[in-house]
Amino acid sequence: MNTPPVLARMEQLISAWSAAEDRRDAFLRCYRMMTVNMHTAIARGEFADGAWVELLLRRFADYYFEALAQWDADTDTAPRVWQRAHACTRDPEAMVWQQLILGVNAHINYDLVLTVHELLDAEWGTMSGEVRRRRVDDYCRVNAIIAATIDAVQDDVLAPAMPVSAILDRLLGRVDEYMISRLITSWRDQTWSDAVRLLENPDPAHRQEIIAGVEGRAMRLASLIGPGTQRDLQDTEI
């Protein structure tokens, strides 16, 4: 089976960043694992509309690569939430889990809203209730794949860089993975709600207000996640 282009691109970047000790590789390793598992699920027919999910997966990745290219060319042109995430990878005081979750925050709480809106905008007004249900079901099915991926992220990404995380994993069992899974699921639920708000508000000015609110929320979360915060994300309401 040929490697999908998006995975080949991820693997190339991970290899280069690892050799250069560029800590952007932490998020991308996680993202690659998730993407592999998504392609596997699509191939197994686990989605009602695998073609649409594959399109969503590909366009979602485009947003990541576009923001990355902007950061590399001129940091100030990248989306603000990605500026925060990438800047954290250069901070010697930042922990790997912070770098990882900042990337997840940027990609889910910002990029995914724009991706879902973009892919559904043309058909939303004429889409039947049944098709909408299929879209929601397929979107929510991803949560189970995320949950199944978190153990591997703990073992392959966090534990090598933070040996104490391996100890905690043995002590806590699946509790920590469950908490992370719940957090990401809640973010994805909010993301779908934000995308629907965009879809149901055709006025361009109103849409820009919604997008600004989405960005503001992601930036507030980034401030809580980044180095120096003493707040527990599980006790935070945004």
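Residue numbers run from 1 in the order of the sequence given. All heavy atoms count here, side chains included; hydrogens, waters and symmetry mates do not.
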Problem - N/O donor-acceptor pair under 3.5 Å between Ser223 side chain and Met219 backbone - result: yes
Exercise for the section: If the plane angle is over 60° it's perpendicular, under 30° parallel, otherwise tilted; pick one for Tyr139 and Trp192. Expected result: tilted
Practice task
Using the six-membered ring wherever Trp is involved, compare the ring planes of His86 and Trp71 and label them parallel, tilted or perpendicular (cut-offs 30° and 60°).
Solution key: tilted
Measure from the ring center of [X] to the ring center of [Y] and say whether it is less than 6.0 Å.
X	Y	value
Phe47	Trp52	no
Trp187	Tyr110	no
Tyr64	Phe60	no

So, [X] and [Y]: side-chain donor and acceptor under 3.5 Å apart, yes or no?
X	Y	value
His107	Tyr63	no
Gln190	Asp194	yes
Arg29	Ser18	yes

Problem - Test side chain to side chain donor-acceptor pair (under 3.5 Å) applied to Glu123 - qualifying residues, sequence neighbours left out - result: none
Problem - All pairs passing salt bridge (Lys or Arg N to Asp or Glu O under 4.0 Å) where residues 32-43 contributes a residue, at least two apart - result: Glu11-Arg32
Problem - Residue pairs fulfilling salt bridge (Lys or Arg N to Asp or Glu O under 4.0 Å) with at least one residue in residues 87-101, sequence neighbours excluded - result: none
Problem - Beyond-backbone contact of Gln70 with Asp74, side-chain heavy atoms, under 4.5 angstrom - result: no
